[in-house]
**Q** 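Have a look at this one before I ask anything.
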Amino acid sequence: MKEQDTYSRQTKYIFITGGVLSSLGKGIASASLGYLLKQRGYKVSIMKFDPYINVDPGTMNPFQHGEVYVTDDGAETDLDLGHYERFLGYSLSKKNNTTTGQVYFEVITKERKGHYLGKTVQVIPHITNEIKRRMTIFEGEYDFILIEIGGTVGDIESLPFLEAQRQMWLERGPQNVLNIHLTYVPYIKSAGELKTKPTQHSVKALMEFGIRPDILLCRTEHKLSKELRQKIGLFCNVEENSVIEVIDVESTIYEVPLLFAKRELEQIVLRKMGLPLNELELETWKKFVERIRNPKYSVNVGLVGKYTKYTDSYKSIIEAFIHAGSINNCKVNIELINSEEITEENVASKIGHLDGILVGPGFGFRGIEGKITAIKYVRTNKIPFFGICLGMQCSVIEFARNVCGLPQATSGEFETNDYCVIDLMDEQKNVKEKGGTMRLGAYPCVIQEDSLAFKAYGSKEISERHRHRYELNNKFRALLEEKGMVMSGTSPDGNLVEIIELTDHPWFLGVQFHPELKSRAVTGHPLFISFIKATLNNKNKK
Ligand code: GLN
């Protein structure tokens with residue numbers, strides 16, 4: 001492989017747009033192509049341009065937008081950045097996600113400062129220039145920047161992004177800018193046929209904006225014959241060998257890079273852009289996928305939360321389970337359990353059969369009592385427990401109520417009394433605005449030796465990502481510790497509790513941060529790996 005050095009590169013840009021309908025998997029397609037180029041020795045980054053006017057998804061409901069993905073540098077971003085990081089295997093930054101809101105915010109702020117004095121500020125060139133500035137911000141640092149445009153071609157909102165894409169092609173030429181369009185070829189049962197018309201229409205829409213696709217990725221549930229690919233190529237003005245069938249993968253999204261490699265997608269890209277193919281290293285990935293497809297063991301894990309109707313809300317947690325499962329050679333069956341439905345009476349039937357439970361992150365009071373009831377059950381029945389952020393906070397409340405004799409224990413997020421064992425962080429006390437004001441991004445944490453956490457990480461110093469306003473209240477720390485709760489991870493100054501655990505239990509651990517955001521394909525995350533191992537042990541004991 002070529003050395004990953006730092007010389008200034010001629011950066012090439014690959015745009016990925018989507019047509020026909022949403023949810024075709026543009027994010028996974030971008031991540032997969034990025035991974036293949038990286039495995040051919042190129043330096044790659046991936047960006048997402050989102051058409052909505054929110055400055056970031058941080059203020060959106062998880063039902064609306066799915067999970068908010070947080071980067072090391074504290075940006076609240078689209079969940080596709082999670083796919084990019086999981087596939088590429090390294091961290092991205094706030095510069096990798098732009099929204100229409102950010103673009104306008106920047107331009108309007110400049111306008112107020114007098115930056116454009118005398119001029120009328122317009123979509124073209126002012127908005128499009130700002131978009132291009134953001135698209136090219138890594139110029140010279142990477143061989144490839146993949147740019148995924150959110151939404152579907154034809155949406156009003158994404159027009160300025162497409163216009164910027166057109167201009168980039170015009171300014172830099174076909175050797176440096178490549179357009180990939182992801183479409184859908186539906187199978188119509190009554191006709192017994194695959195239909196190409198929706199693809200033709202969406203390419204037509206793209207051409208109206210002056211963008212000619214170089215490669216078509218055709219999502220389909222059935223095989224595309226050579227004739228059909230020829231037809232699509234002819235009608236859409238794309239070379240036949242660049243019309244690529246993307247048939248639904250059988251068991252896991254992590255098969256997509258293998259599928260793309262089989263279709264020689266990255267080779268076609270490299271040829272079109274005039275770059276050498278280099279050797280492709282895929283063996284580790286193949287083994288990773290093989291373990292997902294044919295695991296030796298299986299466990300049943302409960303994911304307790306209130307956003308269980310929309311699995312995208314827990315995207316990174318679900319992916320982290322897949323990674324940790326693969327490393328443990330184990331299929332992790334996830335049962336989503338709505339905490340609002342858990343009561344003292346039904347808790348045993350809701351979670352008693354599970355090999356472990358994870359109580360997830362969240363905001364607000366709804367569903368809290370169910371979470372606390374579930375935690376009491378797994379604590380007393382010695383079922384492995386993993387609490388993340390709000391899940392960890394609930395485990396502290398449960399312990400304070402049922403072990404420390406503070407029945408009124410709560411969090412300041414839910415009510416104000418004298419027993420807020422979880423309370424607003426000092427730095428949050430004067431915060432008035434909601435957007436981007438939580439404790440966000442990566443912070444260091446120091447781990448106590450001989451703890452469960454230390455065994456999992458194998459290190460005393462770690463860094464994990466955060467997204468919260470509340471924390472364990474130090475006023476209650478001594479009492480909690482006296483009763484057996486171990487504060488096994490804290491901020492380096494010892495002030496903020498980051499990890500709690502119980503020792504009279506096979507695996508009971510809560511974290512104030514979000515480990516799921518740093519779990520990567522192939523390598524996984526130490527805490528998830530350790531938790532799945534514990535659930536396997538628990539199952540074997542039964
Ligand atoms: N609502 C809690 C807080 O702000 C937990 C946040 C979370 O789970 N990410 O501290």
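First listed ligand is number 1; within each ligand, the first listed atom is number 1.
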**Q** Using the ring-ring contact (aromatic ring centres under 6.0 Å, His included) rule, pick out the option among Phe15, Tyr52, Phe49 that qualifies with Phe161.
**A**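 Single ring-ring contact (aromatic ring centres under 6.0 Å, His included) partner of Phe161 among Phe15, Tyr52, Phe49: Phe49.
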**Q** Quick one: does Ile388 get an N or O within less than 3.5 Å of an N or O on ligand 1?
**A**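 Between Ile388 and ligand 1 (N or O atoms, distance only) the closest approach is not under 3.5 Å.
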**Q** Which residue supplies the protein heavy atom nearest to atom 7 (C) of ligand 1, what is that atom called, and how far is it?
**A**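 It is Cys389 SG, 2.9 Å.
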**Q** Whether Arg86 engages the ring of Tyr84 as a cation-pi pair (distance to the six-membered ring centre under 6.0 angstrom, angle to the ring normal within 45°) should be assessed.
**A**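 Not flagged: Arg86 not positioned over aromatic ring of Tyr84.
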**Q** For atom 1 (N) of ligand 1, find the nearest protein heavy atom and state the residue, atom name and distance (0.1 Å precision).
**A**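 Nearest protein contact, heavy atoms only, for atom 1 (N) of ligand 1 is Glu413 OE1, 2.7 Å.
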**Q** Test salt bridge (charged side-chain N to carboxylate O under 4.0 Å, His left out) on Lys371 and Glu398; report intermediate values, then the result.
**A** CA-CA 9 Å; Lys371 288 182 182 172; Glu398 191 280 321; over 6 Å; no
**Q** Is any N or O atom of Gln512, backbone or side chain, closer than 3.5 Å to an N or O atom of ligand 1?
**A**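 No, Gln512 has no N/O under 3.5 Å of an N/O on ligand 1.
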**Q** Looking at atom 10 (O) of ligand 1, what's its closest protein heavy atom, distance included?
**A**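 Sorting protein heavy atoms by distance from atom 10 (O) of ligand 1 puts Tyr470 N, 2.9 Å first.
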**Q** Is Glu341 paired with Lys350 through a side-chain N to carboxylate O contact shorter than 4.0 Å?
**A**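 Result for this pair is yes, salt bridge flagged.
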**Q** To the nearest 0.1 Å, how far is atom 5 (C) of ligand 1 from its closest protein heavy atom, and which atom is that?
**A**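 Its nearest protein heavy-atom neighbour is Gly362 O, 3.4 Å.
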**Q** Around atom 4 (O) of ligand 1, find the nearest protein heavy atom and jot down its residue, atom name and distance.
**A**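 Result for atom 4 (O) of ligand 1: Arg469 N, 2.9 Å.
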**Q** Please indicate whether any nitrogen or oxygen in Gly364 is less than 3.5 Å from any nitrogen or oxygen in ligand 1.
**A**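 Between Gly364 and ligand 1, no N or O pair is found under 3.5 Å apart.
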**Q** Using only atom types and a distance under 3.5 Å, with no angle test, would you say the side chain of Asp56 pairs donor to acceptor with the backbone of Gly58?
**A**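 Looks like yes, one N/O pair under 3.5 Å.
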**Q** I need the atoms of ligand 1 closer than 4.0 Å to a non-hydrogen atom of His514, numbered in the order shown.
**A**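 Atoms satisfying the 4.0 Å criterion: 9 (N).
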**Q** Give me the nearest non-hydrogen protein atom to atom 9 (N) of ligand 1 as residue plus atom name, then the distance to 0.1 Å.
**A**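 Atom 9 (N) of ligand 1 sits closest to the protein heavy atom Arg467 O, 2.9 Å.
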**Q** Just checking, is any N or O donor in the side chain of Asp50 or Thr99 under 3.5 Å from an acceptor N or O on the other one?
**A**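 Asp50 vs Thr99: no donor-acceptor pair found between side chains.
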**Q** Arg465 pairs by salt bridge (Lys or Arg N to Asp or Glu O under 4.0 Å) with which of Glu85, Glu498, Glu76?
**A**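 So, applying the salt bridge (Lys or Arg N to Asp or Glu O under 4.0 Å) to Arg465 and each of Glu85, Glu498, Glu76, only Glu85 qualifies.
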**Q** Which bit of Gln393 gets closer than 4.0 Å to ligand 1, counting heavy atoms only: side chain, backbone, both or neither?
**A**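 For Gln393, only side-chain atoms sit under 4.0 Å from ligand 1.
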**Q** So, Glu413 and Arg469, do they make that salt bridge, N to O below 4.0 Å?
**A**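 No, this pair does not count.
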